[in-house]
Amino acid sequence: MSPFTRFAMGPVRTRFAPSPTGYLHIGGVRTALFNWLLTQRYGGQFILRIDDTDAERNRTEALQPILDGFKWLGINWDEGPEIGGNCGPYFQSQRQHLYDEAAKRLVASGHAYPCVVTADELRVDRETSEKAKKPYIHRGPRRDADPASNVALLAERRLPIRLKVPVGTTIVLDDLIRGHVEWKADDLGDPVILRADGRALYNFATVVDDAAMKITHIVRAAEHLSNTPLQLVAYAALGEPIPHFAHVPVVNEPNSKKKLSKRDMAKFLTSEIRDKLERIGWTKEQIAARDDLNPATVAFYKEMGYLPASLINYLARLGWSMDDHSEIIDIKTMVANFGLERVNSSSASFDPDKLYWVAGEYMKELPLSEKIAGCLPFLVRAGVLPDQPSPFQLEQLERIIVASGDRIKLFSDILQYGTPLISPVVSYDEKAVNKRLRKDGVAPVLAAFAEVMQTMEPFEPHALEAALQALSLERGTQPSLLIHALRVACTGIEVGPGVYDVLGILGRDESLRRIRSCPAFI
RNA sequence: GCCCCCAUCGUCUAGAGGCCUAGGACGUAGCCCUCUCAAGGCUAAGACAGGGGUUCAAAUCCCCUUGGGGGUACCA
């Protein structure tokens, strides 16, 4: 029976189990996305379960940024933090009793046994094997003891519990992405599933929880493939049905075959990225105060003004394809076509350039009102506009955004195009001034055009263009001479929207003021 | 060391034995459009890791090598 037949027979239940680390990692969210897409496609539930068993590394406040990241992206969960569900609690730290109970049950049934070997003895054994260049496979002395005596032993001493790997067998997995994989049980040591203090180990807790939560499809990063045989043994010992597994390829660093790791995220906060953040209004102190502001996290893209749908689109295409040509795939189409059978099995490098392009494609389609709403906070943060802009300022912003057109790919791009028009020119680009203003013949024609502007009616782009063409013809100069001079005079820079739009947005008085005080005349 | 996974342009991918002188996309370069920058149009460079098989035929199947990754924990 194909796994896809089984999808139709009951709801698909998938889960994502992040640790509360304070940020949502790009690689993690991609895995979560595949889980979510699967449930959207086949109908089912996506569950968020918080893996907070590692007490030292966990802060409760560190969960919020993760939930915020999912919310921003529109990846909603059907069960989990904030909303609960029938299989709670959804925090592993609150489920210890379940792991404890399950482990004891396995001892009683002879599938597990208490470990009487001390950590020191284990270390010595391991080193001995290593010296002999032999793999170390641990089998504890109580392994073959009578289950009842093991139970009795546990009643008097607190000991770690190990799972019995069935010797002589072959453990097989038919992974939905990797295909058929097998391991010889004899290559695997008996793993500890419960520490002496009762805390469960990952490989056991995850199985107990996935079984209890009736997870049908375990879609997780490929780095967990090696954990799977042990987990399969645990399922069998527990007498639980084995879910489908799909190991998705990991996300690599840009232009690299190295995994995009949580551990060395700091290195992604390059000076270039710092500059970018500062340019959009972040102070050095604010950047330093947030360790999640770097390109390996979802929060970074939110702060840079990426449209969430564009990140989803990019991440889905990283490792998955719909067909041989589609790049921009809206969420509805994605859901309707998503399937594990078109997820690649090799790892993929994260490409910021392509993401930027995707972001631009989405921005092109965004309705004007949403563009304005999205850009505004960036201008406010940078101090270009007040918290409560006047109707005039809002109208001006709208005209700037319209005039900027496809130049705005990220909301933060408004700063590059909007600031020179909203704020007074504080500095002129030296190169632009030399090239466009301090040039023979520019000053007189600029002055003459200012005269025309003074009285022309109406003061709007079409009329301005006609007037400029007429003046250029009359004086025998190239229109472009005046056009370029005007842009630099009015904005200080050489790039930006069409110059007639620039003048129209500034208005007659402001345009004249800027022209008359520009470096062409001093 | 041992076990497992992966391998097509710089990057993301298409390709399930003949449709492949390997297709698309991002990026790069050039040209066109043009008041600059974007956007758009056109063009170019650019890949089957290597070696053996199997087959009339291999990017596609098998084996080996190489390279990358993961595991080998009382981490997750």
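Everything numeric in this text was worked out from a predicted model, so none of it was measured. Just so it is clear: chains get the letters A, B, ... in the order the sequence lines come, proteins before strands, and each one is counted from 1.
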Which residue pairs satisfy the side chain to side chain donor-acceptor pair (under 3.5 Å) criterion with at least one member in residues 92-101 of chain A, sequence neighbours excluded?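 Qualifying pairs: A:Asp52-A:Ser93, A:Gln92-A:Asp209, A:Arg95-A:Asp209, A:Tyr99-A:Asp209, A:Asp100-A:Lys104, A:Glu101-A:Arg105.
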Across [range], 5' to 3', mark each nucleotide with B, S or - according to how protein heavy atoms within less than 4.0 Å reach it.
| range | answer |
| --- | --- |
| nucleotides 44-49 of chain B | ------ |
| nucleotides 36-41 of chain B | BBSSS- |
| nucleotides 4-22 of chain B | SSSS--SBBSSS------- |

Rounding to a whole Å, what distance do you find between [X]:[atom1] and [N]:[atom2]?
| X | N | atom1 | atom2 | answer |
| --- | --- | --- | --- | --- |
| A:Arg126 | B:rC2 | CZ | P | 18 Å |
| A:Leu159 | B:rC74 | CG | P | 15 Å |
| A:Asn203 | B:rC74 | CG | P | 11 Å |
| A:Tyr99 | B:rC74 | OH | P | 19 Å |
| A:Gln231 | B:rG71 | CD | P | 13 Å |

Among the nucleotides B:rA73, B:rG1, B:rA76, which one has an atom lying closest to any side-chain atom of A:Pro135?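 Looking only at heavy atoms from C-beta outward on A:Pro135, the closest nucleotide is B:rG1.
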Under the ring-ring contact (aromatic ring centres under 6.0 Å, His included) test, residues paired with [X] that sit two or more places apart:
| X | answer |
| --- | --- |
| A:Tyr362 | none |
| A:Phe338 | A:Phe34, A:Trp320 |
| A:Phe378 | none |
| A:Phe204 | none |

Please work out if A:His224 contacts a base, only the sugar-phosphate, or nothing of the nucleic acid, heavy-atom cut-off 4.0 Å.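 If one applies the 4.0 Å heavy-atom cut-off, A:His224 turns out to touch a base.
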Holding to side-chain hydrogen bond (donor to acceptor under 3.5 Å, both in side chains), I want the full list of residues that pass it with A:Tyr314, two or more places apart in sequence or in another chain.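 If we apply the side-chain hydrogen bond (donor to acceptor under 3.5 Å, both in side chains) test to A:Tyr314, skipping adjacent residues, there are no hits.
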My understanding is that only residues two or more places apart in sequence, or in another chain, count here; which of them pass side-chain hydrogen bond (donor to acceptor under 3.5 Å, both in side chains) with A:Ser511?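 Not a single residue meets the side-chain hydrogen bond (donor to acceptor under 3.5 Å, both in side chains) criterion with A:Ser511.
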Would you tabulate the side-chain donor-acceptor contacts of residues 182-191 of chain A under 3.5 Å, counting partners in other chains and residues two or more places apart, or write 'none'?
residue	atom	partner	partner atom	Å
A:Glu182	OE2	A:His180	NE2	2.9
A:Asp186	OD1	A:Gly168	N	2.7
A:Asp190	OD1	A:Arg139	NH1	2.8
A:Asp190	OD1	A:Arg143	NH1	3.0
A:Asp190	OD1	A:Val165	N	2.9
A:Asp190	OD2	A:Tyr113	OH	2.7
A:Asp190	OD2	A:Arg143	NH1	2.7

Regarding A:Thr228 and A:His247, do their side chains bring together a donor and an acceptor under 3.5 Å, going by distance alone?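 Yes - a donor-acceptor pair under 3.5 Å links their side chains.
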Between A:Thr53 and A:Asp51, is any side-chain donor less than 3.5 angstrom from a side-chain acceptor?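 There is such a pair between these side chains.
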Between B:rU13 and B:rC74, how far apart are the two C1' atoms, rounded to whole Å?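 B:rU13 and B:rC74 have their C1' atoms separated by 43 Å.
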Kindly state each residue pair satisfying salt bridge (charged side-chain N to carboxylate O under 4.0 Å, His left out) with at least one member in residues 490-506 of chain A, sequence neighbours excluded.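 Found A:Lys435-A:Glu494, A:Arg436-A:Glu494.
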Paired with B:rU72: which nucleotide, if any, by Watson-Crick or G-U wobble criteria at under 3.5 Å for both distances?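 Its partner is B:rG1.
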Report the base-pairing partner of B:rC31 (Watson-Crick or G-U wobble, both distances below 3.5 angstrom), or none.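 Its partner is B:rG41 (Watson-Crick or G-U wobble, both distances under 3.5 Å).
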